[in-house]
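Both backbone and side-chain heavy atoms feed into the values below; hydrogens, waters and symmetry mates do not. This structure is a prediction, so every number in the text was calculated from the model and none was measured.
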Amino acid sequence: MKTLKDAKIGETVTVIKLHGEGAVKRRIMDMGLTKHTPVHVIKVAPLGDPIEVTVRNYQLSIRKADAEMVEVE
């Protein structure tokens, strides 16, 4: 299983499934990370947290812990 955290800089991936429950899953969905959405990884902070991505034509910084809950292909 590949997660958004595993995606490399410059790579474009597609969201397959969201893991997590309740408010955490809802927050990730509210950020625009829903099924079949393409996500482009722009950069990763020097210590690996957060990850900056482009999703639905806007830039989003997402924590590594949240990125692990997003399964991609």
task = Measure the shortest side-chain to side-chain distance between Met29 and Leu18 over non-hydrogen atoms and say whether it is less than 4.5 angstrom.
result = yes
key: Any Val13 side-chain heavy atom under 4.5 Å of Val70 side chain   = no
ask   = So do His40 and Val53 actually touch side chain to side chain, heavy atoms under 4.5 Å?
value = no
message = Please give me the minimum heavy-atom distance between Ala67 and Ile51, naming the atom from each residue.
response = CB-CD1, 3.9 Å
task = Determine whether Ile16 and Val41 fall in the same hydrophobic cluster, where Ile, Leu, Val, Met, Phe, Trp and Tyr are linked whenever their side-chain heavy atoms lie under 4.5 Å apart.
result = no
remark   = Distance col, row His19:NE2 vs Ile28:CD1, nearest 0.5 angstrom, shows 10.0 Å
Spacing of CD1 belonging to Ile9 relative to CD belonging to Glu52, to within rounding of 0.5 Å = 10.5 Å
query = Rounded to the nearest 0.5 Å, how far apart are OG1 of Thr14 and CD of Glu73?
reply = 5.5 Å
key: Over 12 non-hydrogen atoms of neighbours within 6.0 angstrom of CZ in Arg27   = yes
Test side chain to side chain contact (heavy atoms under 4.5 Å, CB included) applied to Arg56 and Thr34, step by step = CA-CA 10 Å; Arg56 298 181 189 268; Thr34 56; 2.5 Å; yes
message = Working to the nearest 0.5 angstrom, can you tell me the gap between Thr3 OG1 and Asp66 CG?
response = 11.5 Å
Charged N-O contact under 4.0 Å between Glu11 and Lys2 = yes
ask   = For the hydrophobic clusters of this structure (ILVMFWY residues joined by side-chain heavy atoms under 4.5 Å, transitively), does one cluster hold both Leu4 and Ile42?
value = no
ask   = Looking at CE of Met69 and CD of Glu21, how far apart are the two atoms once the value is rounded to the nearest 0.5 Å?
value = 9.5 Å
message = Quick one, Val39 and Val15 - any side-chain contact, counting heavy atoms below 4.5 Å?
response = yes
Closest non-hydrogen atom pair, Asp6 against Met1 = OD2-O, 4.2 Å
ask   = Minimum heavy-atom separation for Thr37 to Gly32, with atom names?
value = CG2-O, 3.8 Å
remark   = Heavy-atom nearest pair, Lys64 first then Asp49, reads N-OD1, 2.7 Å
